[in-house]
Amino acid sequence: MAHVSAEVSVVLDRASGVPLAVQLADGLRRAATSGALRAGDRLPSSRALAAELGVSRTVTAAAFDQLLAEGWVAGRRGSGTYVTTVPAGAGAVASGDPATGDRASAMSTVDLRPGTPCIEVVDRAAWRRAWRAAADETPQAAPCPVGLPAFRAAVVEHLLRHRGLPAADVLATAGSTSAVAELAATFPPGARIGVEEPGYQRAVQAVLTAGARVVPVPVDDGGLIVDALPSGLAAVYCTPANQYPLGGRLSAERRVALVDRARRERFLVVEDDYDGELRYDVAPLPLLAALGPDVVAHLGTASKLLTPTLGVGWLVAPPAVRAAVRDHRDRTGLRPSPAGQRVFAALTAHGDLARHLRRLRHELGARRAAVVAALDAVGVRWRGDEAGAHVVAELPDAAAEAVAVAAAAGRGVALDGLARHFAGPATAAGVVLGYAGPPRAELERALPVVADVLVAG
Ligand SMILES: Cc1ncc(COP(=O)(O)O)c(C=O)c1O
């Protein structure tokens, strides 16, 4: 194992205005980027390094603390500090821990796990305008459990324009996942709720937390296999626009069959339309909520269109379901926060959201094309419609999946294995490649690494 002082020369400039601790942290980071430091290398103690560099121990301790916080190194001062992950090649810099979902510390990792929106195309001027407009609103004393009127009107317009759904009444939510939790809480304890397998595990957890039981239902390239739904369900949660994570679209035949069964068997269909606005080939199929407004609770979110930090979503549901959610809010005092609603409403007011959506589709369509081209070039099989913000690259088995994820992490790319998207044992292996999150240049830099590790798998 390399010892930093032997391998790495960090030059500190005492005349510079930059604090010595900052210079030292920079120097160590550079050493990792250039390959002089490798994952697993042990750093000298802060005391030894201080003596060697002729600085006080406060300086080295502060630099180590900084690197620890960023996730470059791990361990404890005193018992040894180790470099965690660094790239094999120059350029990409690994840090953070994809396995623990620690995105905040993943400062320079190219993060290709799904679920992060494309911030790069958000027009900052429009964003600032919307926040300013939101700030101009008069403070209100009373909370609004159903959501602000301006937000609800904006969503009605959005649904009509972009999803072809005439919705008379919209409830604001704090996002799709929290709406699933709210809906699940309206069922009696032990109610059986069908979920897609593989599927969105946060929805699964929300259902379980509410005291309902989860019934996994298989999916294929045509989405949820409606014929595989058992009887006796209280609700079925699904992602018909773009099955998460496999990326199929629920066929028209299955849509009709699902709504028919829901009516006959009196269960609620929860339609999570999380990135339904993002298709790059054909127009979206009619929403389940349009086919069966009497049996479908439709969920939308701004998380993928803009950012989850707005914390806004919407629910369109039959009157009894709306009333049950409202009742739950009244009893618990839980309600969506209005700040993000104001911003969303302001963004729609002058066409900024529609412009953003056009840019987003264009950008994500191009990114998707780059991802599938990189996979095709090396003969890796993938699945997923021309939609959304991820594709699934297939691997032969769970072992190959684990190896690919670890190899990519070692080269500064965070990948997401398919296994974690199953509620039960995984029946398919691969990685879910999210292409929206990183800046385009980083994505392009990471694609050769992805191709490499997948081919090796
Ligand atoms: C299927 C699905 N639904 C919903 C969400 C998140 O929505 P929200 O942030 O509104 O809870 C995600 C995020 O990854 C998702 O994958």
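Every number for a ligand or one of its atoms is a count from 1 in the order of the listing.
No close placement of the H298 and W314 rings is indicated, their centers lying 6.0 Å or farther apart. No close placement of the Y280 and H362 rings is indicated, their centers lying 6.0 Å or farther apart.
Considering backbone and side-chain N/O atoms, T239 never comes within less than 3.5 Å of an N/O atom of ligand 1. At least one N/O-N/O distance between S303 and ligand 1 falls below 3.5 Å. Polar contact check, S176 against ligand 1: a nitrogen or oxygen pair lies under 3.5 Å apart.
The closest protein non-hydrogen atom to atom 3 (N) of ligand 1 is D272 OD2, 2.6 Å. Closest to atom 11 (O) of ligand 1 among all protein heavy atoms lies T177 OG1, 2.4 Å. Scanning all protein heavy atoms for the shortest distance to atom 6 (C) of ligand 1 gives Y200 OH, 3.5 Å.
At a threshold of 4.0 Å, the pair E277-K304 does not count as salt-bridged, since none of the basic side-chain nitrogens sits closer than that to a carboxylate oxygen. Here R359 does not pair with E120 in a salt bridge; the nearest charged N to carboxylate O distance is not below 4.0 Å. Salt-bridge check for R132 with D136: failed, with every basic side-chain N at 4.0 Å or more from each acidic carboxylate O. Under 4.0 Å is where a charged nitrogen must lie from a carboxylate oxygen, and between D327 and R329 no such pair does. The existence of a salt bridge linking E363 and R440 is confirmed by a sub-4.0 Å separation between a basic side-chain nitrogen and an acidic carboxylate oxygen.
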Which donor-acceptor pairs under 3.5 Å do side chains of residues 208-227 form with protein atoms, sequence neighbours excluded?
{"residue": "T209", "atom": "OG1", "partner": "Q205", "partner atom": "O", "Å": "2.6"}
{"residue": "R213", "atom": "NE", "partner": "G190", "partner atom": "O", "Å": "3.2"}
{"residue": "R213", "atom": "NH2", "partner": "G190", "partner atom": "O", "Å": "3.4"}
{"residue": "D220", "atom": "OD1", "partner": "G222", "partner atom": "N", "Å": "2.7"}
{"residue": "D220", "atom": "OD1", "partner": "R254", "partner atom": "NH1", "Å": "2.8"}
{"residue": "D220", "atom": "OD1", "partner": "R254", "partner atom": "NH2", "Å": "3.3"}
{"residue": "D220", "atom": "OD2", "partner": "R254", "partner atom": "NH2", "Å": "2.9"}
{"residue": "D221", "atom": "OD1", "partner": "R383", "partner atom": "NE", "Å": "3.4"}
{"residue": "D221", "atom": "OD1", "partner": "R383", "partner atom": "NH2", "Å": "2.9"}

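Listed by atom number, the atoms of ligand 1 under 4.0 Å from T301 heavy atoms are 8 (P), 10 (O). Less than 4.0 angstrom separates some heavy atom of K304 from each of these atoms of ligand 1: 5 (C), 6 (C), 12 (C), 13 (C), 14 (O). The contact set between ligand 1 and G175, taken as ligand atoms under 4.0 Å from a residue heavy atom, comprises 10 (O), 11 (O). Within ligand 1, counting atoms from 1 as listed, the ones closer than 4.0 Å to a heavy atom of Y244 are 1 (C), 16 (O).
Contacts with ligand 1 closer than 4.0 Å are made by no heavy atom of W314, backbone or side chain.
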